[in-house]
Amino acid sequence: MELNVKVAAILDEVADLLELKEDSFFQVRAYRRAAREIESLTADVKDLYIRGHLAQVPGIGKAIHDKVVEIVRTGELQYLKDLRNEFPAGLLQVMRVPDVGPKTAGRLYKDLKVTNLQYLRLAAEQHRIRRLKGFGERTEENILKGIRFLESGQGRMLLGYAYPRGKALEEHIRSHGFPQVSLGGSLRRMKETIGDIDILVGSDDPQRAMDTFISYPQTEEVLLKGPTKTSIRLVDGVQVDMRVVEPSSYGAALQYFTGSKEHNVTLRSLAIDLGYKINEYGVYRKESGEKVAGETEEGVYSVLGMQWMPSEMREDRGEIDLSRKGRIPRILELSEIRGDLHTHTEASDGVDSMEAMTEAALGKGYEYLAFTDHSRSLKVGNGLSVERLQENIRLVRKIGERYPDIHLMAGTEVEIDEKGGLDYPPEVLEELDIVVAAVHSRFKMSSEEMTERLLTAISNEHVHILAHPTGRIIGEREGYQFDMEAVLQAAKDNDVAMEINSFPERLDLNDTYCAMAMQRGVTLSIDTDAHNVRQLDYMLFGVATARRGWVPKELVLNALSWDDLRKRLDL
DNA sequence: GCCGTTTTCGGCCCGACTGTTTTCAGTCG
């Protein structure tokens with residue numbers, strides 16, 4: 001699967017470089033689309049190639065097919081090397097500056113010999129940019145601003161960071177008398193990382209909505225202001241865009257600003273074929289211009305003969321086709337989660353007591369809660385010795401008697417050693433209700449060794465869940481390398497659940513791997529890995545990740561009732 | 001470069017805002 005990522009990256013770079021060429025707009029789009037398709041494949045691109053199915057992937061025609069084959073075979077692409085020779089590598093960096101696109105970069109290269117960020121900054125500081133025809137003082141200032149933004153390293157933020165901020169702003173606007181307000185964009189689609197926060201308001205008084213937005217106490221700077229669209233930057237650097245439309249257009253605008261871009265492009269092409277035009281104000285008959293939908297999202301989809309679908313599904317990964325056939329699957333809801341099977345307490349490296357965690361779980365209406373503190377060899381996590389573990393089990397049983405409305409489970413997050421062995425002997429694991437196995441060490445072993453390690457752990461009869469299966473930390477480290485197909489197969493064969501860890505920096509399995517697991521019928525467990533009571537709220541993000549992988553509740557271990565879970569775990 | 005329940009050629013989503021211009025190109029989402 002790492003190969004899929006590599007192929008997509010190469011196609012993306014081809015697209016980046018092609019942008020600098022004249023008249024290559026549609027080629028750029030074709031390469032980008034192919035990259036997205038390959039990125040979201042749930043099978044290995046090499047397998048597809050071997051089985052002769054590569055050409056059936058949408059967006060892959062003859063030319064790109066041959067290039068993908070070249071990459072699969074040789075690991076390289078000559079066409080990309082040729083393009084790299086045509087343009088200085090630094091120009092790609094120049095294009096990453098906000099408001100600098102291919103045309104501007106091309107001009108700066110041609111007229112000022114700007115080949116990288118350093119030269120761009122120099123040219124701006126020496127006021128050579130403002131002297132170009134079509135450029136001016138403001139453009140020069142914006143370029144300098146853009147360079148500073150890039151260098152501040154403010155790229156995308158974690159969903160877990162953006163979500164509470166977006167919700168707070170949404171509430172601020174709603175509380176000022178605007179009932180029609182919603183998050184949009186990647187935040188509403190619950191992507192694991194978010195570029196900026198999008199907010200949509202339906203109102204007949206756009207001016208007052210804008211004023212309310214700008215008056216938000218956390219506002220640092222107004223970046224852009226028009227009659228229907230305003231952007232601000234918050235004190236922590238997060239950018240928020242707000243759009244205001246009339247209530248009669250709210251549904252169309254919500255659909256449009258939720259995206260994704262790819263979903264919208266496909267939807268709008270479809271609309272054209274059906275004789276309609278869609279924009280953010282409504283759906284219109286092409287001939288008469290008559291407006292036929294716009295008030296609600298359901299209406300927009302419905303007029304195109306489509307079924308509404310959850311925002312998490314809108315990535316143009318086949319949902320439009322299913323929607324036209326009325327076959328959008330029923331995917332997991334947060335309300336269907338019955339318990340949390342991976343949490344920590346003060347016994348190891350958590351901060352709250354079992355009682356506090358239990359009260360919080362009761363507040364969520366959970367039927368069960370598992371305490372899975374770290375095992376003995378994880379010294380940094382204050383792992384439990386065998387004696388402390390056994391003492392902990394007794395404590396769980398004792399506290400459990402005081403809480404008749406929830407089933408407290410004694411468990412462990414047990415270390416998987418480098419050979420795949422577990423950190424406690426079998427007779428100790430036997431005493432536990434649930435065993436969550438995890439890799440926290442030796443990340444850099446070869447893919448073969450790591451696969452063997454994971455397969456050994458999964459085939460251990462005491463293991464119920466494989467925690468954060470890839471070990472990635474978003475923005476910090478890649479996951480370890482292993483054969484995901486083999487691990488999923490083993491999980492299915494051994495009835496072991498793969499975890500979706502709800503921690504914002506983990507969300508692992510990610511959406512694509514969730515889809516892979518689902519297609520293979522592998523059970524998933526959505527856990528918070530909470531180290532305090534507040535982190536039990538992270539469940540929302542794990543569920544969102546499952547929804548992005550179209551996972552139904554039937555495949556989720558902790559969507560089972562206590563009775564069914566107990567049977568499943570042989571308790 | 002891809003694609004076709006009208007097409008193998010001629011299309012390819014659509015609009016807001018900015019900056020620099022007198023009518024629009026470029027960028028963004």
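Note that the coordinates shown come from a computational prediction; the quantities given were computed from them, not determined experimentally. Residue numbers begin at 1 in each chain, while the letters A, B, ... track the order of the sequences.
Counting only residues at least two apart or on different chains, the side-chain hydrogen bond (donor to acceptor under 3.5 Å, both in side chains) pairs with a member in residues 86-101 of chain A are A/Lys21-A/Glu86, A/Gln93-A/Arg96. Listed by first and then second residue, the ring pair (Phe, Tyr, Trp, His ring centres under 6.0 Å) pairs involving residues 92-121 of chain A amount to none (not counting sequence neighbours).
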Distances for protein N/O vs nucleotides 11-18 of chain B N/O pairs under 3.5 angstrom?
{"unit_1": "B/dC13", "atom_1": "OP1", "unit_2": "A/Arg29", "atom_2": "NH1", "d": "2.5"}
{"unit_1": "B/dC13", "atom_1": "OP2", "unit_2": "A/Arg29", "atom_2": "NH1", "d": "3.3"}
{"unit_1": "B/dC13", "atom_1": "OP2", "unit_2": "A/Arg29", "atom_2": "NH2", "d": "3.2"}
{"unit_1": "B/dC13", "atom_1": "O2", "unit_2": "A/Arg268", "atom_2": "NH1", "d": "2.9"}
{"unit_1": "B/dC14", "atom_1": "O4'", "unit_2": "A/Arg268", "atom_2": "NH1", "d": "2.6"}
{"unit_1": "B/dG15", "atom_1": "OP1", "unit_2": "A/Lys277", "atom_2": "NZ", "d": "2.9"}
{"unit_1": "B/dG15", "atom_1": "OP1", "unit_2": "A/Asn279", "atom_2": "ND2", "d": "3.2"}
{"unit_1": "B/dA16", "atom_1": "OP1", "unit_2": "A/Tyr281", "atom_2": "OH", "d": "2.7"}
{"unit_1": "B/dA16", "atom_1": "O3'", "unit_2": "A/Thr228", "atom_2": "OG1", "d": "3.3"}
{"unit_1": "B/dC17", "atom_1": "OP1", "unit_2": "A/Pro227", "atom_2": "N", "d": "3.3"}
{"unit_1": "B/dC17", "atom_1": "OP1", "unit_2": "A/Thr228", "atom_2": "N", "d": "3.0"}
{"unit_1": "B/dC17", "atom_1": "OP1", "unit_2": "A/Thr228", "atom_2": "OG1", "d": "3.4"}
{"unit_1": "B/dC17", "atom_1": "OP1", "unit_2": "A/Lys229", "atom_2": "N", "d": "2.9"}
{"unit_1": "B/dT18", "atom_1": "OP1", "unit_2": "A/Lys225", "atom_2": "N", "d": "3.1"}
{"unit_1": "B/dT18", "atom_1": "OP1", "unit_2": "A/Lys225", "atom_2": "O", "d": "3.4"}

Distances under 3.5 Å only, N/O to N/O: pair up the protein atoms with those of nucleotides 3-6 of chain B.
{"unit_1": "B/dC3", "atom_1": "OP1", "unit_2": "A/Gly59", "atom_2": "N", "d": "2.7"}

I'd like a list of close polar pairs between nucleotides 23-26 of chain B and the protein, N/O only, cut-off under 3.5 Å.
{"unit_1": "B/dG26", "atom_1": "O3'", "unit_2": "A/Thr104", "atom_2": "OG1", "d": "3.3"}

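Comparing B/dG1 with B/dT5, their C1' atoms sit 24 Å apart, to the nearest whole Å. Taking atom P on both nucleotides, B/dG26 is separated from B/dT21 by 14 Å, rounded to a whole Å. Annotation: B/dT8 and B/dT22 have their C1' atoms spaced 44 Å apart (nearest Å). Here the separation of B/dC17 from B/dT23, taken at their C1' atoms, is 16 Å to the nearest Å. Distance check on atom P: B/dT20 versus B/dC28 gives 16 Å, rounded to whole Å. The C1' atoms of B/dC12 and B/dT7 are separated by 13 Å, rounded to the nearest whole Å. Taking the P atoms as reference points, B/dC2 lies 23 Å from B/dT6, given to the whole Å.
Applying the ring pair (Phe, Tyr, Trp, His ring centres under 6.0 Å) criterion to A/Tyr163, with sequence neighbours excluded, gives A/Phe541. Under the salt bridge (charged side-chain N to carboxylate O under 4.0 Å, His left out) criterion, A/Asp211 pairs with no residue at all, not counting sequence neighbours. Qualifying side-chain contact (heavy atoms from CB on, under 4.5 Å) partners for A/Pro98, counting only residues two or more places apart in sequence or in other chains: A/Phe149. Residues that satisfy the ring pair (Phe, Tyr, Trp, His ring centres under 6.0 Å) test with A/His176, not counting sequence neighbours, are A/His172. With sequence neighbours left out, the ring pair (Phe, Tyr, Trp, His ring centres under 6.0 Å) criterion links A/Phe503 to A/Tyr538.
In this structure, A/Arg156 places its CZ atom 10 Å from P of B/dG29, rounding to the nearest Å. One interatomic measurement links the two molecules: CZ of A/Phe149 to P of B/dC28, which rounds to 11 Å at whole-angstrom precision. Rounded to a whole Å, the CG atom of A/Asp16 is 14 Å from the P atom of B/dT27. Put simply, NZ on A/Lys191 is 12 Å from P on B/dG29, counting in whole angstrom units. In this structure, A/Ile197 atom CD1 and B/dG29 atom P are separated by 14 Å, rounded to whole Å. If you measure from atom CD1 of A/Ile143 to atom P of B/dG19, you get 12 Å, rounded to the nearest angstrom.
Heavy atoms of A/Tyr31 sit under 4.0 angstrom from primed sugar atoms or phosphate atoms, though from no base atom.
Considering CD of A/Gln207 and OG1 of A/Thr212, their distance stands at 10.0 Å, rounded to 0.5 Å.
Looking at heavy atoms from C-beta onward, A/Arg314 lies out of side-chain contact with A/Ser260 at the 4.5 angstrom threshold. Side-chain contact between A/Arg32 and A/Lys261 is absent, with no heavy-atom pair separated by less than 4.5 Å. Taking the side chain as every heavy atom from C-beta outward, A/Leu267 and A/Met306 approach each other to under 4.5 Å. Looking at heavy atoms from C-beta onward, A/Arg317 lies out of side-chain contact with A/His263 at the 4.5 angstrom threshold.
Listed in residue order, the members of residues 283-308 of chain A having a heavy atom less than 4.0 Å from DNA chain B come to none.
Heavy-atom distances to DNA chain B give each of A/Val97 and A/Lys133 a nearest nucleotide, and the one nearer the 5′ end belongs to A/Lys133. For A/Met95 and A/Lys67, each mapped to the nucleotide of DNA chain B holding its nearest heavy atom, the one lying further toward the 5' end belongs to A/Lys67.
A distance-only check finds no donor-acceptor pair linking the side chain of A/Gln239 to the backbone of A/Asp196 [under 3.5 Å].
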**OP:** Apply side-chain hydrogen bond (donor to acceptor under 3.5 Å, both in side chains) to the pair A/Gln535 and A/Asp529, showing each step before the final yes or no.
**Re:** CA-CA 8 Å; A/Gln535 291 176 346; A/Asp529 201 352; over 6 Å; no
Contacts under 3.5 angstrom, residues 45-65 of chain A side chains, donor-acceptor by atom type, not counting sequence neighbours:
{"unit_1": "A/Tyr49", "atom_1": "OH", "unit_2": "A/Arg73", "atom_2": "NE", "d": "2.8"}
{"unit_1": "A/Tyr49", "atom_1": "OH", "unit_2": "A/Arg73", "atom_2": "NH2", "d": "2.8"}
{"unit_1": "A/Lys62", "atom_1": "NZ", "unit_2": "A/Asp66", "atom_2": "OD2", "d": "2.9"}

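Glycosidic conformation, B/dT7: syn, with the torsion inside 90° of 0.
Within the shown strands, B/dC14 is the pairing partner of B/dG29 under the Watson-Crick or G-U definition, both distances less than 3.5 Å.
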